[in-house]
Every structure is written in structure tokens, then in C-alpha cells.
Amino acid sequence: MKKLEGNKLVALLLSAGMATSLLAACSVNTDQLGQGISDLGNAFNTTATEAPAVTETSSAASSEETSGETSEETTAETTPAATPTATPSPTPLPQRVDFSDYTEIDLTDSFEVTVEEFEESAHSDDDTVEFAVFTGNRLVITEADNETARDAINLVVDGFYAEAEGAYQNVVAQLKSEYLANGVIENSGSVRVNFEYVTNGRALSVLMVYAINVGDKTDRKVDFATFDMLTGHYITMSSVVTDTEGLERACKTALADAIKAKALEAVQPAVTATPTPTPATVTTTTAPTTAETTVVETINEDDLPKASDFDVIYIAPVASDTEGVHKATVIGIAKDGIIYEADVEIDSYADLFNRYGTSVFFG
């Protein structure tokens with residue numbers, strides 16, 4: 001059976017009700033009445049038929065669109081994303097001594113430092129023009145009971161060497177560009193890197209310097225580091241002393257005094273002994289006495305650096321041949337950039353060191 005839709009059913013019932021009322025009320029022309037009822041029913045049928053069709057179509061389209069979007073979203077979500085390659089972070093340099101894992105033990109003889117001398121240069125393709133020369137030495141810790149300490153120290157010194165090598169490559173690139181543009185270069189360049197180290201068996205101190213020269217222009221980079229060879233920890237001045245400023249002042253004065261004493265020693269010849277006869281007026285049976293004569297050349301002390309002339313001061317513990325005497329190499333950088341260094345006794349400064357500093361410098 002065909003099911004009538006709601007609007008059509010209402011239209012038919014309304015038509016039937018109106019026809020019955022009119023027939024009961026009076027006598028009318030039934031043909032015209034039937035035609036009117038038929039027209040009214042058609043009007044309801046037309047209105048009721050068009051609306052649902054639009055609703056069904058919209059619903060179907062919306063369903064299809066929703067289904068399509070859901071399918072696409074589901075597909076996008078199930079597609080695995082590419083896993084990025086993890087980049088290891090560089091190991092941070094220790095900024096202070098970690099007292100919690102400090103152990104006071106004697107070092108073994110397996111801690112070995114190797115210094116390699118090297119030289120290399122860069123030329124034009126036809127070898128007629130030398131752009132720059134890279135010379136100096138490279139320091140590497142090759143053996144150590146504590147591999148962590150070895151790696152930590154090498155991390156610092158290798159980083160400084162890589163910086164010097166990068167400066168050399170920059171000089172080569174600049175001069176090569178000049179050569180390609182002009183066919184000649186005004187001045188060749190050079191980069192020299194140098195590592196100096198001292199140790200007292202417990203701490204290793206390294207002075208690192210590289211200089212860049214192109215013509216009359218010179219740039220220099222200086223760095224200094226002291227390491228605890230037990231752990232590889234970076235030792236700073238503040239980590240070993242209780243009065244940093246006091247120790248720096250004392251070391252600057254000691255360095256200036258040592259430089260002056262060395263200068264005097266350089267210009268002073270060896271002491272000679274000249275026999276002096278006893279005056280004739282004195283009768284004596286003793287052997288002739290001798291008197292020492294010393295000739296000292298003068299020096300201009302104004303040309304020597306004073307304590308106040310040092311902008312930067314470093315102190316590195318070193319071994320001493322005298323029992324009960326402790327020494328350190330004091331390194332000072334003057335305002336004009338010149339580097340001075342001298343070995344000084346530090347026992348009179350012992351009260352300026354903390355407990356850890358005492359074990360490193362006086363142990």
C-alpha cells in the first residue's frame with residue numbers, strides 16, 4: 001500500500017470536510033464545487049511535494065561530504081610522521097669544581113701528554129703564490145687512568161685548536177679571493193698556534209695562544225685553563241682561593257719582582273775575585289786577603305712592567321725540587337698584549353687558598 005505523506009493527508013481531509021459542510025447547508029452547483037476542491041487539493045499536493053526533495057538531497061550531499069572529510073582525516077591521521085634524527089647536544093664544559101665527587105688519591109704514571117709540531121700551507125693552483133702558512137703545535141692527552149678526565153681536557157684544547165684552524169682557513173679564503181680578483185695578493189698571511197703546559201702531578205695547566213698575521217696587522221687570541229687530572233674538572237681561581245683579589249694582587253707584585261730580578265741578572269756579569277795585598281804598613285803573617293769586585297750595568301726600570309701594568313693574571317701549580325717549598329708559574333698579560341711569566345714561591349700565600357686549593361697547590 002502506498003503511504004500518504006503528512007501534508008497530502010491533511011489536504012484530502014480538509015477538502016472532504018469542506019465539501020460535506022457546503023452540501024449540507026444548501027443546494028449548490030456540484031460541478032463547480034468539485035472543480036474548486038480539486039484545484040485546492042492540487043495546490044496542497046504541489047507545495048507538499050517540493051520541500052522534502054530538497055531536504056533529502058541536502059542530507060545526502062552533506063552525508064557524502066562528511067563521509068569524505070572523515071575518510072581523509074582518518075587517512076591523514078594514520079599516516080606515520082617521519083622520525084627526526086636526533087642531534088646530540090655538545091657536552092657542556094664544567095664551570096666549577098664538583099666537590100661532591102672529589103677524591104684525594106695519587107696520580108699514576110699513565111697520564112701522558114703528547115705535543116705534535118706541525119706546519120702546512122696553502123698555495124695557488126700553479127703553486128706560484130703562497131696564500132698562508134699554518135704552524136705551531138698541538139697538545140693531546142693520549143693516556144690517562146680516568147678516561148673521563150682525558151676526554152674533558154681534550155675537549156677544551158681541541159676546541160682551541162679548531163678555532164685556530166678556522167682562523168687559518170678564513171685567511172686563506174680571503175687571500176684566495178683577492179688573488180682571483182686582482183691576479184696578485186698584497187701580503188701573504190700566517191697563523192701560529194702554541195700550547196704550553198706545566199703540571200705538579202695533580203693539576204695540568206695549559207696556556208693557549210694563536211696569532212694571525214697578514215701584512216702589518218696582527219690579531220691574537222689567548223686562553224688559559226687548569227684541570228684537575230683526577231676528574232678533568234675545570235679549575236678556576238675562585239674555586240681554589242678564599243680571596244681572589246688578594247691572591248691576584250700578590251701574584252702581580254711577585255711577577256713584577258721576578259721580571260726585574262731576571263733583568264738584573266741578565267745584565268750582571270759573573271762575580272770575579274781580585275787579590276788585594278795587605279798594606280805594607282801592617283806586619284802580618286797571614287795570607288793576602290781577597291776582595292770581590294762587581295760590575296753592574298744599568299737598566300731602565302721604567303721599561304719593565306709593574307704590578308699595575310697586568311690586566312690579566314693566571315696562576316698554575318708546578319713541581320718544586322726543594323722539599324717544603326711550593327711554586328707556581330704566574331702568567332701575566334700586560335696592557336700592551338705582551339705575555340710575561342715567571343716561577344714564584346707561593347708558601348707565603350697559603351692562607352689565601354681554600355681546602356681544595358691547598359690540596360691542589362700544596363699537596
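These numbers come from a predicted model, not from an experiment.
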(message) Using side chain to side chain contact (heavy atoms under 4.5 Å, CB included), reason through Glu116 and Val140 one step at a time and then give a plain yes or no.
(response) CA-CA 8 Å; Glu116 177 189 5; Val140 179; over 6 Å; no

According to a 4.5 Å side-chain heavy-atom criterion applied to Ile, Leu, Val, Met, Phe, Trp and Tyr, with indirect links allowed, do [X] and [Y] form part of one hydrophobic cluster?
| X | Y | answer |
| --- | --- | --- |
| Phe118 | Val115 | yes |
| Ile338 | Ile259 | yes |
| Ile331 | Ile235 | no |
| Val344 | Leu247 | yes |
| Val214 | Val191 | yes |

Are there over 12 heavy-atom neighbours, none belonging to [X], within less than 6.0 Å of that residue's [atom1]?
| X | atom1 | answer |
| --- | --- | --- |
| Asp321 | CG | no |
| Glu120 | CD | yes |
| Asp125 | CG | no |

As an exercise, state the distance from [atom1] of [X] to [atom2] of [Y], rounded to the nearest 0.5 Å.
| X | Y | atom1 | atom2 | answer |
| --- | --- | --- | --- | --- |
| Thr135 | Arg192 | OG1 | CZ | 4.5 Å |
| His123 | Glu130 | NE2 | CD | 4.0 Å |
| Phe131 | Tyr179 | CZ | OH | 6.5 Å |
| Ile185 | Gln174 | CD1 | CD | 11.5 Å |
| Tyr234 | Asp228 | OH | CG | 14.0 Å |

Is the closest side-chain heavy-atom distance between [X] and [Y] below 4.5 Å?
| X | Y | value |
| --- | --- | --- |
| Val241 | Tyr349 | no |
| Val193 | Phe134 | yes |
| Leu304 | Tyr340 | no |
| Asp311 | Ile333 | no |
| Ile315 | Met237 | yes |
| Glu245 | Asp243 | yes |
| Thr199 | Met229 | yes |
| Leu207 | Glu341 | yes |

Nearest non-hydrogen partners of [X] and [Y], listed with the distance:
| X | Y | value |
| --- | --- | --- |
| Gly332 | Leu255 | N-CD2, 3.5 Å |
| Glu301 | Lys306 | O-NZ, 3.8 Å |
| Cys251 | Ile313 | CB-CG1, 4.2 Å |
| Phe310 | Pro305 | CZ-CB, 4.0 Å |
| Thr114 | Glu112 | OG1-OE2, 3.9 Å |
| Arg202 | Tyr356 | NH2-CE1, 3.9 Å |

(message) Going by the rule side-chain hydrogen bond (donor to acceptor under 3.5 Å, both in side chains), which residues pair with Glu248 if we only count those two or more places apart in sequence or in a different chain?
(response)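 Applying side-chain hydrogen bond (donor to acceptor under 3.5 Å, both in side chains) to Glu248 gives none.
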
Donor-acceptor pair, side chain of [X] and main chain of [Y], under 3.5 angstrom:
| X | Y | value |
| --- | --- | --- |
| Asp257 | Ala254 | no |
| Asn194 | Val209 | no |
| Asp347 | His326 | yes |
| Asn146 | Leu230 | yes |
| Ser124 | Val129 | yes |
| Asp145 | Phe111 | no |
| Ser205 | Tyr197 | no |
| Asn200 | Val360 | yes |

(request) Fit a plane to each ring of Tyr314 and Phe224, take the angle between them on a 0 to 90° scale, and name the class: parallel (under 30°), tilted (30 to 60°) or perpendicular (over 60°). (result)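 Parallel, since the angle between the ring planes stays under 30°.
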
(request) Go through the side-chain N and O atoms of Thr218 and Asn213 and say whether any donor and acceptor fall under 3.5 Å apart. (result)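 A pair is found: one side chain offers a donor N or O, the other an acceptor, under 3.5 Å apart.
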
(message) For the residue pair Ser320 / Thr322, report whether a side-chain donor-acceptor contact shorter than 3.5 Å exists.
(response)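 Short answer, no.
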
(message) Apply the hydrophobic cluster definition, ILVMFWY joined by side-chain contacts under 4.5 Å directly or through others, and give me every member besides Val318.
(response)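 Grouped by the 4.5 Å side-chain rule, Val198 form the rest of the cluster around Val318.
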
Validation: residues 153-171 side-chain donor-acceptor distances under 3.5 Å, sequence neighbours left out:
{"residue": "Asn154", "atom": "OD1", "partner": "Ile141", "partner atom": "N", "Å": "2.8"}
{"residue": "Asn154", "atom": "ND2", "partner": "Ile141", "partner atom": "O", "Å": "3.0"}
{"residue": "Asn154", "atom": "ND2", "partner": "Arg150", "partner atom": "O", "Å": "3.4"}
{"residue": "Glu163", "atom": "OE2", "partner": "Tyr210", "partner atom": "OH", "Å": "3.0"}
{"residue": "Glu163", "atom": "OE2", "partner": "Lys221", "partner atom": "NZ", "Å": "2.9"}
{"residue": "Tyr168", "atom": "OH", "partner": "Ala122", "partner atom": "N", "Å": "3.3"}
{"residue": "Asn170", "atom": "ND2", "partner": "Gly166", "partner atom": "O", "Å": "3.4"}

